[in-house]
Structures are given as structure tokens and as C-alpha cells.
S.K.: 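This is the structure, below, for whatever I ask next.
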Amino acid sequence: MRFPAPGSSLIAESAPVPQPGPGQVLVKVYACGVCRTDLHIVDGELPKLDHPIVPGHEIVAEVVERGEGAVRFRAGQRVGVPWLGWTCGECEFCANGRENLCDRARFTGYQIDGGYAEYAIADERYCFALPESYAPAEAAPLLCAGLIGYRALSLAGDAKNLGIYGFGAAAHIVAQVARFQGRRIFAFTRPGDSQAQRFALELGAGWAGGSDAAPPEALDAALLFAPVGALVPAALRAVKKGGTVVCAGIHMSDIPSFPYEILWGERRVVSVANLTRRDGEEFLALAPEVPLKTTVETFPLESANEALAKLRQGRINGAAVLVMRGTQSIALE
């Protein structure tokens, strides 16, 4: 499924199976998560888009061919292909462990054709081995929703009372990690979204309400997954002195002006940008220990536009995942 230009629907097309170059692997895609970043790309909200592009960066796949020098994974091994697809390895950010900030980075499903396809090419250095206990559709959301949630949670420090704004794919995973770590969860959804609030309570939240409501207790930190700038001042009002508001999305609507008094008291607003390979290795080792359980709604590849539309409308409970024919019941090796 190829995306021709912003504002257009994805179109199905046939193309030759690509060939891996040096250090690359050709993978047969089993499942690919449908992420809000994909929606931002399709809606033209991200800059520097190479056209046309195959979206998708939560790829669960099997290695079918290795390019020259590719030795990390054997043919037949299942791997995960995430958002971060390549970095320069030379800049100050790459040199000090912050490859997620590399100015020359290339991203899967954005500058590099992604997983809304039967086959994909990936740099083997940026692929992950996957936990054995997850079927493809269950594993796919771990590769971005899970990873970004994990990085966002790390920026919250040791916060005990944790607010989560926007209870979708990332939130339903990070809430489980937070509960595993002994934190208390306060979930904020769209006002009146009783289904999402029930979902949050089922996953261990101690309180769930609309984003226009105040929590029953002050928060130590808040994670914002909803791309709504107006939530920043709302979250600042909800956190106590010294608290942190973490903006976890790649795109957000404009943040409205707010009085300095709600930032004063050493409150902080920080953002999450992409991920590092170390994030992925740590999180994927943690997932079966929790153990994390993903809630997914699956769609065939040809229904990618429907999946994106449902995500845009807020009608996905958990995560949306595209699955290829015959892969729904395959377990990971």
C-alpha cells in the first residue's frame, strides 16, 4: 500500500520484490502496526516527506534474504523493524548515545519504505530480535507504541502518581509497565469516552476521567500521548511542584499561551523524540517479564485506509494492526 502525496488515500500496487543491499535484510512481513505517526504522515502534518512512500514502522517479519555482510540474523528468523531505520553514526548525538536526535536519521515508513507491504528492506543494525511469546499481531504495537511509551515513562523519573492523557495504543502498553513498577495510574480520555475509561480501569488505572477533569490527587508526572496542545497547560495544572509533563508524540497542535504560575515551582515540560536501539533492547526484554498484553484490532493489508480512518476517528480500542494473509496464528520463534 503506497502513499502518493499528503491528503491522498493509500493505493494498492504491485511491485517487484526488492533486493537487499550491503548490510540489509529482505523480510517477509507478517504484521505491521498502524501508528498515529502514520496518520500524521498521511495527513501531511510532518515535513520533509519523500513521495511516494510505503508507510508502516511497527513491522513483525521473517528474514528471507541477507545482503552482503549482513550476519546478525539468520534466514527464517523473525525480527522487528522499528521507526528508527538509519543514523549517521558520526554526529555529536550519535557519538554520545542520543542517536534518536541524529539530524541525518532516516525513518521506516517515512524516508524508507515500510511495512504496509508483503516484503520490506531493512538495515539489520536497526532490527530487533523479538520475544518468543508474542504472535505477530500482538508483537507489532510493541515496536513503536510500546517503545515510545517506555521512553516517555523513563523521562517521568520515579513519579508515583502518573497521569496518562490519551488512552490509545501507547498508553495501554505503558500503563501496564507503570503498574508493574508500582506506580499509580490516572487516565485521561476524550471527555465522555466511557469505553476508553473502562479500558483504562481494566488495565489497572486507579482513576479514569475526561481530559477536562481534575484528578482526585496531584500528579508527580503526566505523559501526553494525545496530539492536542491544549492538554499541556491542563497537565501542568494537574502536576505538583517539581512535576514533569512529557509530550510523547511526534506532532502536536499548537500549545496555547498559559500563565507562568502553572509552570513555576520547577515544573518541567519535555518532549520525546524517536527512540534509540538501546531503548528497544531494554523494552523488549522487559515485555515478557511484566508480561505485557497488547489489545489489537486487526485488518487485512488492503484495508489500511479503513484502519487509518478508524484511528483518526478514535474508534480503535488498543492498537490497530495490519496482518498479511495466513499469519494471524503464527507464533514467534
Side-chain angles (χ1 to χ4, degrees), residues 31-37 56-61 72-73 77-85 87 97-102 105 107-109 114-115 122-159 162 164 166-183 185 203-204 221 223-225 244 246-250 270-296 318-319 321 332-333:
C32 184
V34 178
C35 178
R36 184 163 291 277
T37 298
H57 56 271
E58 296 177 315
I59 306 172
V60 178
R72 284 191 65 209
F73 303 102
Q77 186 171 355
R78 295 194 176 102
V79 297
V81 183
W83 171 246
L84 186 67
T87 57
R98 295 186 293 167
E99 63 186 2
N100 58 306
L101 301 180
C102 176
F107 301 102
T108 310
D123 186 323
E124 69 161 6
R125 297 173 299 170
Y126 296 85
C127 297
F128 296 122
L130 293 173
E132 298 179 355
S133 54
Y134 293 90
E138 298 169 343
L142 300 178
L143 290 162
C144 184
L147 284 175
I148 291 299
Y150 176 74
R151 188 171 181 84
L153 184 61
S154 70
L155 292 178
D158 60 359
L162 183 72
I164 299 179
F167 212 85
H172 98 282
I173 295 172
V174 76
Q176 297 175 63
V177 177
R179 289 291 298 141
F180 177 74
Q181 295 174 341
R183 306 174 193 250
I185 306 301
L203 288 173
L223 310 183
L224 273 57
F225 295 108
T244 301
V246 183
C247 302
I250 194 171
V270 299
S271 70
V272 172
N274 312 312
L275 64 123
T276 66
R277 284 171 283 181
R278 182 176 179 179
D279 292 331
E281 291 161 0
E282 291 177 353
F283 174 69
L284 291 171
L286 177 65
E289 183 181 348
V290 173
L292 293 176
K293 298 185 183 300
T294 56
T295 298
V296 300
V321 179
L332 295 176
E333 295 179 353

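Along the sequence shown, the residues carry numbers beginning at 1. Heavy-atom basis, side chains included; hydrogens, waters and symmetry copies ignored.
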S.K.: For a quick test of reading the model, state the closest non-hydrogen atom pair linking Ala129 to Phe73 and the distance between them.
M.R.: N-CE2, 4.0 Å

S.K.: Any idea which heavy atoms bring Ala137 and Val296 closest together, and the distance?
M.R.: O-CG1, 3.6 Å

S.K.: Minimum heavy-atom separation for Glu99 to Thr87, with atom names?
M.R.: O-CG2, 3.6 Å

S.K.: Decide, yes or no, whether a salt bridge links Arg277 with Glu281 under the criterion of side-chain N to carboxylate O below 4.0 Å.
M.R.: no

S.K.: Would the distance check show the side chain of Asn274 and the main-chain N or O of Asn100 forming a donor-acceptor pair, the cut-off being under 3.5 Å?
M.R.: yes

S.K.: Rounded to the nearest 0.5 Å, how far does CG of Leu84 lie from SG of Cys127?
M.R.: 11.0 Å

S.K.: Check whether any side-chain N or O of Gln176 sits under 3.5 Å from a backbone N or O of His172 as a donor-acceptor pair, and report yes or no.
M.R.: yes

S.K.: Quick one, Leu147 with Leu142, criterion side-chain contact (heavy atoms from CB on, under 4.5 Å). Give me CA distance, side-chain angles, the key distance, then yes/no.
M.R.: CA-CA 6 Å; Leu147 284 175; Leu142 300 178; over 6 Å; no

S.K.: A quick test of your reading: do over 12 heavy atoms of other residues, nucleotides or ligands sit less than 6.0 Å from CZ of Arg72?
M.R.: yes

S.K.: Minimum heavy-atom separation for Ala171 to Ile164, with atom names?
M.R.: CB-CG2, 3.5 Å

S.K.: Less than 4.5 Å apart, side chain to side chain, heavy atoms only: is that true for Leu224 and Val246?
M.R.: no

S.K.: Taking all heavy atoms of Leu223 and all of Ala156, pick out the closest pair and write down the distance.
M.R.: CD2-CB, 4.1 Å

S.K.: Side-chain contact test, heavy atoms from C-beta onward, threshold under 4.5 Å: evaluate it for Tyr126 versus Thr108 and give yes or no.
M.R.: no

S.K.: Apply side-chain contact (heavy atoms from CB on, under 4.5 Å) to Val79 and Phe128, showing your working.
M.R.: CA-CA 6 Å; Val79 297; Phe128 296 122; over 6 Å; no

S.K.: When you compare the side chain of Val321 with that of Cys32, does any pair of heavy atoms fall below 4.5 Å?
M.R.: no

S.K.: For side-chain contact (heavy atoms from CB on, under 4.5 Å), just list the numbers for Ile148 and Trp83, CA-CA rounded to whole Å, side-chain angles, deciding distance to a tenth of an Å, and then say yes or no.
M.R.: CA-CA 10 Å; Ile148 291 299; Trp83 171 246; over 6 Å; no

S.K.: Show me the pairs that pass side-chain hydrogen bond (donor to acceptor under 3.5 Å, both in side chains) and involve residues 135-148, at least two apart or across chains.
M.R.: none

S.K.: Taking side chain to side chain donor-acceptor pair (under 3.5 Å) as the definition, give me every residue that meets it alongside Arg151, ordered by chain and number, with sequence neighbours left out.
M.R.: Asp279

S.K.: Hey, does Thr37 have a side-chain heavy atom less than 4.5 Å from the side chain of Phe107?
M.R.: no

S.K.: Going by heavy atoms in the side chains, are Pro131 and Leu284 under 4.5 Å from each other?
M.R.: yes

S.K.: Roughly how far, to the nearest 0.5 Å, is the CG atom of Leu153 from the CD1 atom of Ile173?
M.R.: 12.5 Å

S.K.: Start with the C-alpha distance between Val60 and Leu130, add both sets of side-chain angles, then the distance that settles side-chain contact (heavy atoms from CB on, under 4.5 Å), and finish with yes or no.
M.R.: CA-CA 9 Å; Val60 178; Leu130 293 173; 3.8 Å; yes

S.K.: Below 4.5 Å, heavy atoms only, C-beta onward: do Phe180 and Leu286 meet side chain to side chain?
M.R.: yes

S.K.: Looking at side-chain heavy atoms only, is the closest gap between Leu143 and His57 below 4.5 Å?
M.R.: no

S.K.: Mind listing the closest non-hydrogen atom pair of Leu101 and Ala273 along with its distance?
M.R.: CD2-CB, 3.8 Å

S.K.: Compare all side-chain heavy atoms of Val272 with those of Cys247 and state whether any distance is below 4.5 angstrom.
M.R.: no

S.K.: If we ignore hydrogens and angles and just use 3.5 Å, is the side chain of Tyr134 paired with the main-chain N or O of Ala287 as donor and acceptor?
M.R.: yes

S.K.: Would you say Glu58's side chain and Pro82's backbone share a donor-acceptor pair under 3.5 angstrom?
M.R.: no

S.K.: To the nearest 0.5 angstrom, please state how far the CG atom of Leu203 sits from the NZ atom of Lys293.
M.R.: 11.5 Å

